[in-house]
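Every number for a ligand or one of its atoms is a count from 1 in the order of the listing. For reference, positions follow the sequence shown, starting with 1.
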Amino acid sequence: MMTPIHADGFEQVALCRDEETGLRSVVVIHDTTLGPALGGVRMHAYPDEDAAVVDGLWLAEAMTLKAAAAGLGLGGGWSIMIEAAELIVADTDPRRADAVAARHGARVVAPEAALAVACDVLAPCGLGSVVTDQTLPWLECRIIVGGANNVLATPAHAAMLQARGILYAPDFCVNAGDLIFLEEQLLGHDSAHAEARVRQVGVRVAEVLDRSRRTGVSTADAATELARARLRP
Ligand SMILES: NC(=O)C1=CN([C@@H]2O[C@H](COP(=O)(O)OP(=O)(O)OC[C@H]3O[C@@H](n4cnc5c(N)ncnc54)[C@H](O)[C@@H]3O)[C@@H](O)[C@H]2O)C=CC1
Ligand SMILES: CC(C)C(=O)C(=O)O
């Protein structure tokens, strides 16, 4: 199914969905004044369809300008293939796992298999001590970022993850939202104020990752250093 989309200054834009394969794509023809539209194909996991369309528009227009500036008899276009992200969930309570899977279209795996799933992001959100000497070799993820407290069995496991090329976002930075929210309540702030502060969690995590990159210390040590710096008189 092709759904035309109007975009000012673009000759043709369409959002395409193939029901059989589940493929979603965007086709953009920006300008054919100088000749047939030529452009590439980008495959990417966009957060939503709007983001894919915006990227397609941007790339197609850039191709028009590139061809015109190079003196070619070509126009500009682009195609986007929207990669679907797969959500895989596990819970020791199967009813909870099934409920989340039904709500979000996820696949359920057994808790004992979850750590070994090949994935981009592993999010431990139940009990802590998930990364241990025993489990470390099983991990097939690129990033660990989860809500559980004390994800690592010991701080030394952060360096072991680093050595395996797995980026670890320190738990006490990532999961601070609830604590921030509680302080906001104690201070009597409204929910908009609280939400704005909770949204700063991402900024703090980025600071920690940046410090780790710059100094070479593990992300867990970088987070601990930043926290301890506030505790010093
Ligand atoms: N509730 C909060 O505001 C905050 C919680 N945390 C931490 O997040 C973690 C979860 O807390 P809550 O969501 O409040 O607990 P919860 O008890 O509401 O949820 C935990 C879920 O994890 C499941 N679970 C337990 N062990 C598991 C395992 N080995 N494999 C897969 N699933 C397992 C449970 O069945 C349950 O569904 C804890 O580590 C907690 O300390 C951290 C910050 C804030
Ligand atoms: C707020 C407290 C109880 C908490 O669960 C946490 O932030 O770890």
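- Atoms of ligand 2 lying under 4.0 Å from at least one heavy atom of Leu182, given by number and element, are 1 (C).
- Counting heavy atoms closer than 4.0 Å to ligand 1, residue Ala148 contributes atoms from both its backbone and its side chain.
- When hydrogens are left out, the protein atom nearest atom 34 (C) of ligand 1 is Asp91 OD1, 3.3 Å; that is the closest non-hydrogen contact.
- The single protein non-hydrogen atom nearest to atom 3 (C) of ligand 2 is Asp178 OD2, 4.4 Å, given as residue, atom name and distance.
- In the hydrophobic clustering of this structure, Val121 does not group with Leu87; members are Ile, Leu, Val, Met, Phe, Trp, Tyr whose side-chain heavy atoms approach within less than 4.5 Å, directly or through other members.
- Nearest protein heavy-atom contact of atom 16 (P) of ligand 1 is Arg96 NH1, 4.2 Å.
- Of all the heavy atoms of Ala114, none lies under 4.0 Å from any atom of ligand 1, so neither backbone nor side chain is involved.
- In terms of protein heavy-atom proximity, atom 8 (O) of ligand 2 is nearest to Asn149 ND2, 2.9 Å.
- Distance remark: protein heavy atom not present below 4.0 angstrom from atom 14 (O) of ligand 1.
- The shortest contact between atom 8 (O) of ligand 1 and any protein heavy atom is with Gly147 O, 3.2 Å.
- Looking at Glu195 and Arg199, a side-chain N of the basic residue comes within less than 4.0 Å of a carboxylate O on the acidic one, giving a salt bridge.
- Ranking the protein heavy atoms by distance from atom 43 (C) of ligand 1 puts Asn175 O, 3.5 Å first.
- Between the side chain of Ser218 and the backbone N or O of Asp221 there is at least one donor-acceptor pair closer than 3.5 Å.
- Hydrophobic cluster membership is shared by Met160 and Val151, with clusters built from Ile, Leu, Val, Met, Phe, Trp and Tyr side chains linked at under 4.5 angstrom.
- Applying side chain to side chain contact (heavy atoms under 4.5 Å, CB included) to Glu49 and the options Val54, Ile5, Ile82, Ile80 leaves one that passes, Ile82.
- Scanning the protein for heavy atoms near atom 9 (C) of ligand 1, the closest one is Gly126 O, 3.0 Å.
- A distance-only check finds a donor-acceptor pair linking the side chain of Arg164 to the backbone of Leu139 [under 3.5 Å].
- One finds no salt bridge joining Glu207 and Arg214 here, because no Lys/Arg side-chain nitrogen approaches an Asp/Glu carboxylate oxygen to under 4.0 Å.
- Between Pro111 and ligand 1, no N or O atom pair is found at a separation short of 3.5 Å.
- We find the CG-OG distance between Leu167 and Ser212 to be 7.5 Å, quoted to the nearest 0.5 Å.
- Taking 4.5 Å as the limit, some side-chain heavy atom of His157 sits within range of a side-chain heavy atom of Thr154.
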(message) Using side chain to side chain contact (heavy atoms under 4.5 Å, CB included), reason through Gln162 and Tyr168 one step at a time and then give a plain yes or no.
(response) CA-CA 8 Å; Gln162 200 172 7; Tyr168 173 64; over 6 Å; no
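- Nearest to atom 41 (O) of ligand 1 by heavy-atom distance, out of Asn149, Leu182, Asp93, is Asn149.
- Closer than 4.0 Å to atom 1 (N) of ligand 1 lies none of the heavy atoms of the protein.
- Of the protein's heavy atoms, at least one falls inside 4.0 Å of atom 23 (C) of ligand 1.
- The shortest contact between atom 25 (C) of ligand 1 and any protein heavy atom is with Thr92 OG1, 3.6 Å.
- Each of the atoms 26 (N) of ligand 1 lies under 4.0 Å from some heavy atom of Leu127.
- Leu57 and Val27 fall into different hydrophobic clusters, where Ile, Leu, Val, Met, Phe, Trp and Tyr side chains are chained together by heavy-atom contacts under 4.5 Å.
- For atom 32 (N) of ligand 1, the protein comes within 4.0 Å by at least one heavy atom.
- For atom 44 (C) of ligand 1, the closest non-hydrogen atom on the protein side is Asp178 CB, 3.8 Å.
- Listed by atom number, the atoms of ligand 1 under 4.0 Å from Cys125 heavy atoms are 9 (C), 10 (C).
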